[in-house]
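The next block holds one structure in the form of structure tokens; read it before the comments.
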Amino acid sequence: MMGNTLLGVPLIFWAIVCFSIAVAYYFFWPKPSPRRLTPRTTGQHIVLRYFHALVWVLLGVGCLLGGMSSGELGRWVALAGIPVYAIFLYYVVRDRNIELADAAARRKSKDSMNTPA
């Protein structure tokens with residue numbers, strides 16, 4: 001029975017919202033700049049490509065389990081999204097810093113080529 005609610009809204013609705021967001025993040029994810037000098041590693045690509053969507057899938061599954069009277073299991077599944085999201089955020093910040101360093105290196109290289117000797 002799906003009688004449980006969150007903020008007065010049935011958990012099945014929240015599960016649908018979570019799965020919809022997961023699908024959106026599956027198709028729209030942080031892509032590297034085309035002018036990036038340092039390519040992403042396979043691990044970086046996997047984390048940046050799939051982990052944010054995985055967080056929403058975990059939340060959606062948690063909502064479904066919580067609504068089907070498996071509240072404790074649903075809570076643990078949803079809470080599993082926290083470390084997954086933390087890993088994703090770490091890689092996003094790290095990736096952004098790499099892109100900024102690459103842009104600075106490009107500017108420095110460009111400036112040194114334009115400086116008369």
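In this text the structure is predicted, and so the values were computed from the model without any measurement.
For the pair L48 and V92, the minimum side-chain heavy-atom distance is below 4.5 Å. At a threshold of 4.5 Å between non-hydrogen side-chain atoms, the residues V55 and F88 do not count as touching. Between F19 and L64, the closest side-chain pair of non-hydrogen atoms falls below 4.5 Å.
Residue Y26 places its OH atom among 12 or fewer non-hydrogen atoms of other residues, nucleotides or ligands, all under 6.0 Å distant.
We find the CG-CG distance between D102 and N97 to be 11.0 Å, quoted to the nearest 0.5 Å. Here the straight-line distance linking atom CD1 of I12 with atom CG of N4 works out to 12.0 Å at 0.5 Å rounding. Taking SG of C63 as the reference point, atom CG of L58 lies at 11.0 Å (rounded to 0.5 Å). Going from atom CD1 of I46 over to atom OG1 of T41 covers 8.5 Å, rounded to the nearest 0.5 Å. One finds the CG atom of L59 at 9.0 Å from the CG atom of L79 (value rounded to the nearest 0.5 Å).
Taking every heavy atom of both residues into account, A22 and V57 meet most closely at CB-CG2, 3.7 Å. Across all their heavy atoms, G60 and A15 have their closest contact at O-CB, 3.6 Å.
Pairs engaging residues 76-92 under the side-chain hydrogen bond (donor to acceptor under 3.5 Å, both in side chains) rule: E72-W76 [sequence neighbours left out]. Among pairs with a residue in residues 39-50, those fulfilling salt bridge (charged side-chain N to carboxylate O under 4.0 Å, His left out) read R40-D95, at least two apart in sequence or across chains.
With sequence neighbours left out, V17 forms a side-chain contact (heavy atoms from CB on, under 4.5 Å) with F13, I21.
Both Y50 and F28 are assigned to one and the same hydrophobic cluster, defined by single-linkage of ILVMFWY side chains at heavy-atom distances under 4.5 Å. Criterion: ILVMFWY side-chain heavy atoms under 4.5 Å apart, direct or through other members. Under it, L65 and I82 are not part of a common hydrophobic cluster. L89 and I98 fall into different hydrophobic clusters, where Ile, Leu, Val, Met, Phe, Trp and Tyr are joined by side-chain heavy atoms under 4.5 Å apart, directly or via other members.
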